[in-house]
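Quick caveat, the model's predicted, so the values are computed rather than measured.
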Amino acid sequence: MASATPPFEQSTDLLSLDDAARRKRAWDAAAEVPDPEVPVLTIADLGVLRDVRVTGDTAVEVDITPTYTGCPAMAVFTFDIEAALRNAGFRTVTINTVLSPAWTTDWLSDEAREKLRAYGIAPPAGKASRRALFGDDEVACPRCGSFDTEKVSEFGSTACKALWRCRSCAEPFDYFKCH
Amino acid sequence: MTSDLFTYTLRLADDAAILGQRLGEWCGHAPTLEEDIGLANVGLDHIGQARALYTHAGAVEGAGRDEDQLCFLRKEREFGNCLLVEQPNTDFAHTIARQLFFSAFMLPFWRKLTGSRDETLAAIAAKAEKEAAYHLRHSGEWTIRLGDGTDESRMRMQAAVDTLWSYTGELFEADEVVSRLVADGIAVDPESLRGEWHASVRDLLDEALLRMPPEGWMQTGGRSGRHSESFGHLLTEMQYMQRTYPGMRW
């Protein structure tokens, strides 16, 4: 899928666009790539997508930043971004990983936080300050909204999540950790 | 001639990779499911750090070696990790004590390295600092739970602390490579972290009702490639795939 040849019309169509429109086409295509672990969020929602530059007629360069250094989803992001851009008509796709500035959950928009909650994952509580990293967060149950919750495990189904449980509605849930 | 920055970055990468490999050995064997996931998560953080550091080391060296070649195709004597991280898992208490000693050092280490004049090291440190905070909290909570637990868990946790203590001195070693890079504003002077490390370990052991071992003779050798007996066995397993199918890629 990643090496699919773009439809002919899209390639020629791309050449008829000016630089700004081609850049927008590229950004929009990359921005829609979903997180494989949290499919309600896209890489743009997460802040993983840092920059998109059109470097030639059908050449594009993308900067992404890892969430956690060991996040296995990064490899999937890379494949999916390349596939999305090729489908949008770009023939040469270069993807760079940039480390600075370091990703933080503070970059999640309010809209992204609401998407997480609706999906059943408690969004990160507060800012990723040093205090937040060490203190215990006050986490609301994504199902019933109760703050009567408890941490079951510091580590959950992925590196970015912890396992919590609601004492009010007895529902276990994932908590997207402050980072 | 290999540059100081290459050597220094490679040592940091080796520390992270080897500890990640040790933690990975727990996968499927931890005492509870949550801990199985927890230890694998911590191991994954270390492997992620190692990948970024190996990639940087390869770029600094400029000889075309990538992360796989540096991690999987170097020989035992070429590894510069500290002896602490390669110590066998032994039991859950040893795994936790090893992590506690290491993370209590790495948390202030990464924090200081965020001020490095080497921009890539500073960027890696900014991410790794947050991860180290979780690792210290996780191993610290277990140290307290096991130390202030049953007779059996306290005995095992104390034995682990006593056994691994002699491997903590190496964390503070600075040879001429480190000293030159400290002078250049690139490396962290490990001696400057001793106070914070000592205080955080002492406070946790106190709360866990465990005895702080007396200062004494310390093991050394890892930074110059002289490793413990178990290290060769670890490499055999870790490097198997690249040794058997050189240059293979996923």
Practice prompt. Please look at A:Thr97 and chain B and tell me whether the side chain, the backbone, both or neither of the residue comes under 4.5 angstrom of a heavy atom of that chain.
Written response: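 A:Thr97 has no heavy atom closer than 4.5 Å to chain B.
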Item to complete: Heavy-atom distances under 4.5 Å only: say whether A:Pro66 touches chain B with side chain, backbone, both or neither.
Response: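 The answer is both parts of A:Pro66.
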Worksheet item: Who wins among B:Ala122, B:Ala125, B:Ala52, B:Ala123 for the most heavy-atom pairs under 4.5 Å with chain A?
Response: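 Ranked by heavy-atom pairs under 4.5 Å with chain A, first place is B:Ala123.
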Discussion item. Rounded at 0.5 Å granularity, tell me how far CG in B:Leu33 sits from OG in A:Ser153.
Written reply: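 The CG atom of B:Leu33 sits 8.5 Å away from the OG atom of A:Ser153.
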Worksheet item: What distance separates B:Glu141 CD from A:Glu154 CD, expressed to the nearest 0.5 Å?
Response: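 Here the rounded value is 6.0 Å.
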Any non-hydrogen side-chain atom of [X] less than 4.5 Å from a side-chain atom of [Y]?
X        : Y        : value
A:Leu99  : B:Glu119 : no
A:Tyr68  : B:Lys127 : no
B:Tyr134 : A:Lys177 : yes

Item to complete: Quick one: closest heavy-atom pair of B:Leu44 and A:Gly70, and the distance?
Response: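 That closest heavy-atom pairing would be CG-O, 3.4 Å.
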Worksheet item: For the residue pair A:Phe155 and B:Val42, what are the closest heavy atoms and their distance?
Response: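 So the two residues come closest at CZ-CG2, 3.6 Å.
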What do you reckon, is [atom1] of [X] surrounded by more than 12 foreign heavy atoms closer than 6.0 Å?
X        : atom1 : answer
B:Glu237 : CD    : no
A:Arg165 : CZ    : no
B:Arg11  : CZ    : yes
B:Arg51  : CZ    : no

Fill in: Donor-acceptor side-chain pairing of A:Thr69 and B:Glu131 below 3.5 angstrom
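Yes.
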Practice prompt. Against chain A, label B:Ile47 side chain, backbone, both or neither, depending on which of its atoms sit under 4.5 Å from a heavy atom there.
Written response: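 It is neither, since no heavy atom gets under 4.5 Å.
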